[in-house]
Amino acid sequence: LKLYLLIMILLNEFALSEPTLCQIDASDYNEWIYFSFLTESIVIIDNPENSLGWDIAFQRYHIKTNSGTSGSGSAGAYVDSLNIWTNTLFSSLNEVPLYAEFNVDTMLNSFYDSESHEMSWGSANFALETWGEIDTLNNYTMVISNNQLIIRTANGNDFIKIWLFDYYNENGISGYISFLY
(Lines give C-alpha, C1' and ligand atoms only; values in the text may rest on other atoms or scores of the structure.)
Protein backbone atom coordinates (compact mmCIF):
# COMPACT_ATOMS: atom_id res chain seq x y z
CA LEU A 1 0.00 0.00 0.00
CA LYS A 2 2.88 2.39 0.80
CA LEU A 3 4.45 1.77 -2.62
CA TYR A 4 1.08 2.35 -4.31
CA LEU A 5 0.61 5.66 -2.48
CA LEU A 6 4.16 6.74 -3.37
CA ILE A 7 3.52 5.91 -7.04
CA MET A 8 0.27 7.92 -6.98
CA ILE A 9 2.02 10.93 -5.42
CA LEU A 10 4.88 10.83 -7.94
CA LEU A 11 2.56 10.53 -10.93
CA ASN A 12 0.34 13.30 -9.58
CA GLU A 13 3.38 15.60 -9.59
CA PHE A 14 3.94 14.78 -13.27
CA ALA A 15 0.24 15.00 -14.14
CA LEU A 16 0.10 18.55 -12.81
CA SER A 17 2.90 19.73 -15.07
CA GLU A 18 2.64 20.36 -18.79
CA PRO A 19 3.97 17.57 -21.01
CA THR A 20 7.43 18.06 -22.46
CA LEU A 21 7.97 17.55 -26.19
CA CYS A 22 11.26 16.05 -27.41
CA GLN A 23 12.76 14.92 -30.68
CA ILE A 24 15.80 12.62 -30.56
CA ASP A 25 18.08 12.09 -33.56
CA ALA A 26 18.48 8.32 -33.28
CA SER A 27 19.16 7.85 -36.99
CA ASP A 28 22.55 6.13 -36.57
CA TYR A 29 22.47 2.33 -36.91
CA ASN A 30 25.25 1.83 -34.35
CA GLU A 31 25.20 4.64 -31.77
CA TRP A 32 22.80 4.92 -28.84
CA ILE A 33 21.50 8.32 -27.73
CA TYR A 34 21.07 8.42 -23.95
CA PHE A 35 18.39 10.50 -22.21
CA SER A 36 17.88 11.46 -18.57
CA PHE A 37 14.44 12.42 -17.28
CA LEU A 38 16.12 14.01 -14.24
CA THR A 39 18.03 16.52 -16.38
CA GLU A 40 15.42 16.42 -19.16
CA SER A 41 18.16 16.16 -21.74
CA ILE A 42 20.42 13.98 -23.83
CA VAL A 43 23.43 12.89 -21.78
CA ILE A 44 26.86 11.63 -22.79
CA ILE A 45 27.54 8.33 -21.03
CA ASP A 46 31.00 6.72 -21.20
CA ASN A 47 30.05 3.43 -19.56
CA PRO A 48 26.27 2.92 -19.86
CA GLU A 49 26.28 -0.55 -18.32
CA ASN A 50 27.55 0.90 -15.01
CA SER A 51 26.05 4.40 -14.99
CA LEU A 52 22.89 5.65 -13.30
CA GLY A 53 23.11 8.90 -15.30
CA TRP A 54 20.59 7.81 -17.95
CA ASP A 55 17.06 6.40 -17.99
CA ILE A 56 16.32 5.51 -21.62
CA ALA A 57 18.33 5.32 -24.83
CA PHE A 58 17.39 5.37 -28.51
CA GLN A 59 18.89 3.74 -31.62
CA ARG A 60 16.74 3.91 -34.73
CA TYR A 61 13.37 2.54 -33.54
CA HIS A 62 14.89 0.59 -30.64
CA ILE A 63 14.62 1.87 -27.08
CA LYS A 64 16.34 0.52 -24.02
CA THR A 65 16.05 1.33 -20.34
CA ASN A 66 18.77 1.42 -17.70
CA SER A 67 18.00 -2.13 -16.57
CA GLY A 68 18.62 -5.81 -17.23
CA THR A 69 21.10 -6.44 -20.06
CA SER A 70 21.45 -2.69 -20.78
CA GLY A 71 22.42 -1.14 -17.47
CA SER A 72 22.81 -1.37 -13.72
CA GLY A 73 19.78 0.79 -12.94
CA SER A 74 16.32 -0.20 -11.75
CA ALA A 75 14.52 1.17 -14.81
CA GLY A 76 11.90 -0.70 -16.78
CA ALA A 77 8.91 -0.23 -19.03
CA TYR A 78 5.22 -1.04 -18.86
CA VAL A 79 3.04 -1.25 -21.96
CA ASP A 80 -0.74 -1.19 -22.26
CA SER A 81 -1.60 -2.04 -25.85
CA LEU A 82 -5.37 -2.12 -25.25
CA ASN A 83 -5.83 1.49 -24.07
CA ILE A 84 -3.87 3.45 -26.65
CA TRP A 85 -2.88 7.08 -26.06
CA THR A 86 -5.24 9.84 -27.02
CA ASN A 87 -4.83 13.49 -25.99
CA THR A 88 -7.48 13.07 -23.30
CA LEU A 89 -6.09 9.81 -21.95
CA PHE A 90 -2.51 11.10 -21.89
CA SER A 91 -3.58 14.23 -20.01
CA SER A 92 -5.74 12.37 -17.51
CA LEU A 93 -3.48 9.43 -16.57
CA ASN A 94 -2.04 10.21 -13.14
CA GLU A 95 -1.35 6.83 -11.57
CA VAL A 96 0.43 3.63 -12.43
CA PRO A 97 -2.11 0.82 -12.83
CA LEU A 98 -2.04 -1.62 -9.90
CA TYR A 99 -1.49 -4.55 -12.26
CA ALA A 100 1.43 -2.88 -14.10
CA GLU A 101 4.46 -5.09 -14.54
CA PHE A 102 7.67 -3.33 -15.56
CA ASN A 103 9.83 -5.22 -18.03
CA VAL A 104 13.60 -4.95 -17.82
CA ASP A 105 15.86 -5.09 -20.87
CA THR A 106 16.83 -8.34 -22.50
CA MET A 107 18.58 -9.50 -25.66
CA LEU A 108 16.38 -9.26 -28.77
CA ASN A 109 17.06 -10.49 -32.30
CA SER A 110 15.50 -7.41 -33.93
CA PHE A 111 18.45 -5.15 -34.81
CA TYR A 112 18.99 -4.52 -38.51
CA ASP A 113 22.60 -4.83 -39.63
CA SER A 114 23.01 -2.26 -42.43
CA GLU A 115 26.04 -4.09 -43.88
CA SER A 116 24.78 -7.69 -43.97
CA HIS A 117 21.08 -6.70 -44.30
CA GLU A 118 20.21 -9.31 -41.69
CA MET A 119 18.80 -9.13 -38.20
CA SER A 120 21.18 -9.38 -35.26
CA TRP A 121 21.03 -9.46 -31.46
CA GLY A 122 21.03 -6.38 -29.26
CA SER A 123 19.87 -5.25 -25.85
CA ALA A 124 16.53 -3.42 -25.70
CA ASN A 125 13.25 -3.34 -23.81
CA PHE A 126 10.60 -5.60 -25.31
CA ALA A 127 7.74 -3.44 -23.98
CA LEU A 128 9.17 -0.37 -25.71
CA GLU A 129 9.59 -2.26 -28.99
CA THR A 130 5.77 -2.15 -29.22
CA TRP A 131 5.74 1.62 -29.87
CA GLY A 132 5.77 1.03 -33.60
CA GLU A 133 6.37 -1.49 -36.32
CA ILE A 134 8.27 -1.26 -39.58
CA ASP A 135 5.93 -2.09 -42.46
CA THR A 136 8.23 -4.03 -44.78
CA LEU A 137 5.51 -4.24 -47.44
CA ASN A 138 5.04 -0.45 -47.57
CA ASN A 139 8.51 0.96 -48.31
CA TYR A 140 9.71 0.18 -44.75
CA THR A 141 7.43 2.83 -43.25
CA MET A 142 7.06 3.07 -39.47
CA VAL A 143 3.51 2.48 -38.25
CA ILE A 144 3.03 4.01 -34.79
CA SER A 145 0.96 1.99 -32.29
CA ASN A 146 0.20 4.78 -29.76
CA ASN A 147 0.50 2.13 -27.03
CA GLN A 148 0.39 3.53 -23.52
CA LEU A 149 3.93 3.35 -22.15
CA ILE A 150 5.19 4.13 -18.67
CA ILE A 151 8.90 4.23 -17.86
CA ARG A 152 10.33 3.48 -14.43
CA THR A 153 13.51 5.56 -14.18
CA ALA A 154 16.99 4.27 -13.35
CA ASN A 155 16.60 5.11 -9.66
CA GLY A 156 13.54 2.83 -9.52
CA ASN A 157 11.44 5.44 -7.72
CA ASP A 158 10.06 7.71 -10.44
CA PHE A 159 7.57 6.92 -13.20
CA ILE A 160 7.19 8.77 -16.50
CA LYS A 161 4.32 8.41 -18.95
CA ILE A 162 5.64 8.63 -22.50
CA TRP A 163 3.89 8.92 -25.86
CA LEU A 164 6.16 8.06 -28.79
CA PHE A 165 4.30 9.50 -31.78
CA ASP A 166 6.65 10.04 -34.72
CA TYR A 167 9.69 8.44 -36.35
CA TYR A 168 10.48 11.05 -39.00
CA ASN A 169 11.86 14.58 -38.95
CA GLU A 170 10.34 17.50 -40.87
CA ASN A 171 12.17 16.33 -44.03
CA GLY A 172 10.79 12.77 -43.81
CA ILE A 173 14.12 11.26 -42.69
CA SER A 174 13.69 8.20 -40.45
CA GLY A 175 15.25 7.70 -37.04
CA TYR A 176 14.07 10.97 -35.51
CA ILE A 177 11.86 9.94 -32.59
CA SER A 178 9.37 12.51 -31.34
CA PHE A 179 7.68 11.98 -27.99
CA LEU A 180 5.78 13.63 -25.15
CA TYR A 181 6.42 12.85 -21.52
Side-chain angles (χ1 to χ4, degrees), residues 1-24 26 32-38 40 54-71 73-111 122-135 141-168 174-181:
L1 183 60
K2 283 184 179 181
L3 178 60
Y4 175 73
L5 291 173
L6 177 62
I7 290 170
M8 286 181 52
I9 290 167
L10 290 171
L11 273 175
N12 279 330
E13 289 175 13
F14 289 113
L16 296 176
S17 63
E18 289 295 316
T20 301
L21 174 64
C22 280
Q23 185 180 69
I24 302 289
W32 285 94
I33 305 300
Y34 294 89
F35 188 86
S36 167
F37 287 112
L38 178 65
E40 298 187 86
W54 65 280
D55 296 302
I56 59 175
F58 303 87
Q59 181 192 82
R60 302 290 301 164
Y61 63 87
H62 299 290
I63 305 172
K64 63 183 178 178
T65 64
N66 192 338
S67 69
T69 56
S70 296
S74 297
Y78 162 75
V79 60
D80 181 344
S81 59
L82 298 177
N83 298 304
I84 61 171
W85 287 131
T86 63
N87 289 334
T88 302
L89 194 53
F90 188 80
S91 297
S92 66
L93 181 71
N94 62 6
E95 63 184 50
V96 176
L98 286 175
Y99 54 83
E101 291 184 27
F102 286 82
N103 298 288
V104 297
D105 291 18
T106 188
M107 296 301 288
L108 303 174
N109 189 18
S110 61
F111 287 76
S123 183
N125 193 292
F126 176 76
L128 296 175
E129 294 278 305
T130 69
W131 81 275
E133 183 176 346
I134 303 293
D135 183 350
T141 303
M142 174 64 94
V143 179
I144 307 297
S145 69
N146 293 313
N147 284 344
Q148 280 186 24
L149 298 168
I150 300 174
I151 305 291
R152 182 178 58 211
T153 61
N155 68 19
N157 298 319
D158 298 316
F159 299 88
I160 308 292
K161 59 185 175 181
I162 186 169
W163 185 353
L164 300 136
F165 64 86
D166 202 355
Y167 183 63
Y168 302 93
S174 64
Y176 288 78
I177 301 173
S178 294
F179 61 95
L180 286 172
Y181 70 91

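Trp163 is listed as a side-chain neighbour of Asn87, based on a closest heavy-atom distance under 4.5 Å. Val79 has its side chain out of reach of Glu129: every pair of non-hydrogen atoms, C-beta onward, lies at least 4.5 Å apart. Side-chain contact between Leu38 and Asp158 is absent, with no heavy atoms from C-beta onward closer than 4.5 Å. For the pair Leu164/Ile177, a side-chain contact is recorded, criterion being any heavy-atom separation below 4.5 Å from C-beta on. Considering only heavy atoms from C-beta on, Trp54 comes within 4.5 Å of Ser70 through its side chain. In this structure the side chain of His62 reaches within 4.5 angstrom of the side chain of Trp32, judged on heavy atoms. Between Ser174 and Arg60, the closest side-chain pair of non-hydrogen atoms falls below 4.5 Å.
Heavy atoms from other residues, nucleotides or ligands lying under 6.0 Å from CD of Gln23 number more than 12. Shown here is Phe126, whose CZ atom has no more than 12 heavy atoms of other residues, nucleotides or ligands within 6.0 Å.
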Margin query: Quick one, Asp55 with Ile160, criterion side-chain contact (heavy atoms from CB on, under 4.5 Å). Give me CA distance, side-chain angles, the key distance, then yes/no.
Written below: CA-CA 10 Å; Asp55 296 302; Ile160 308 292; over 6 Å; no

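Between Ala124 and Leu108, the closest heavy-atom pair is CB-CD1, 3.9 Å. Here the closest non-hydrogen pair linking Val104 and Arg152 is CG1-NH2, 4.2 Å. The shortest heavy-atom contact between Gln148 and Leu89 is NE2-CD2, 2.7 Å. Across all their heavy atoms, Glu40 and Thr20 have their closest contact at OE1-OG1, 3.5 Å. Heavy atoms only, all atoms of each residue included: Tyr99 and Asp80 are closest at OH-OD2, 4.0 Å.
Annotation: the span from Phe37 atom CZ to Ile56 atom CD1 amounts to 3.5 Å, rounded to 0.5 Å.
The main-chain N or O of Ile162 is found under 3.5 Å from a side-chain atom of Trp85 such that the two form a donor-acceptor pair. Remark: the backbone N or O of Asp105 is paired with a side-chain donor or acceptor of Ser67 at under 3.5 angstrom. In this structure, Asn66 contributes its side chain and Gly73 its backbone to a donor-acceptor pair below 3.5 Å. Between the side chain of Thr130 and the backbone N or O of Ala127 there is at least one donor-acceptor pair closer than 3.5 Å. Tyr167 places no side-chain N or O within 3.5 Å of a backbone atom of Ile134 that could act as its donor or acceptor partner.
If you run side chain to side chain contact (heavy atoms under 4.5 Å, CB included) between Phe58 and each of Tyr176, Tyr34, Phe179, only Phe179 comes through. Each of Val143, Leu149, Asn147 was checked for a side chain to side chain contact (heavy atoms under 4.5 Å, CB included) with Ser145, and the lone residue meeting it is Asn147.
Aromatic ring pairs are classed by plane angle as parallel below 30°, tilted from 30° to 60° and perpendicular above 60°; the pair Phe35 and Tyr181 is perpendicular.
In summary, the aromatic rings of Phe90 and Phe165 are positioned with their centroids too far apart to meet the 6.0 Å limit. Ring pair Tyr78/Phe159: centre-to-centre distance not below 6.0 Å.
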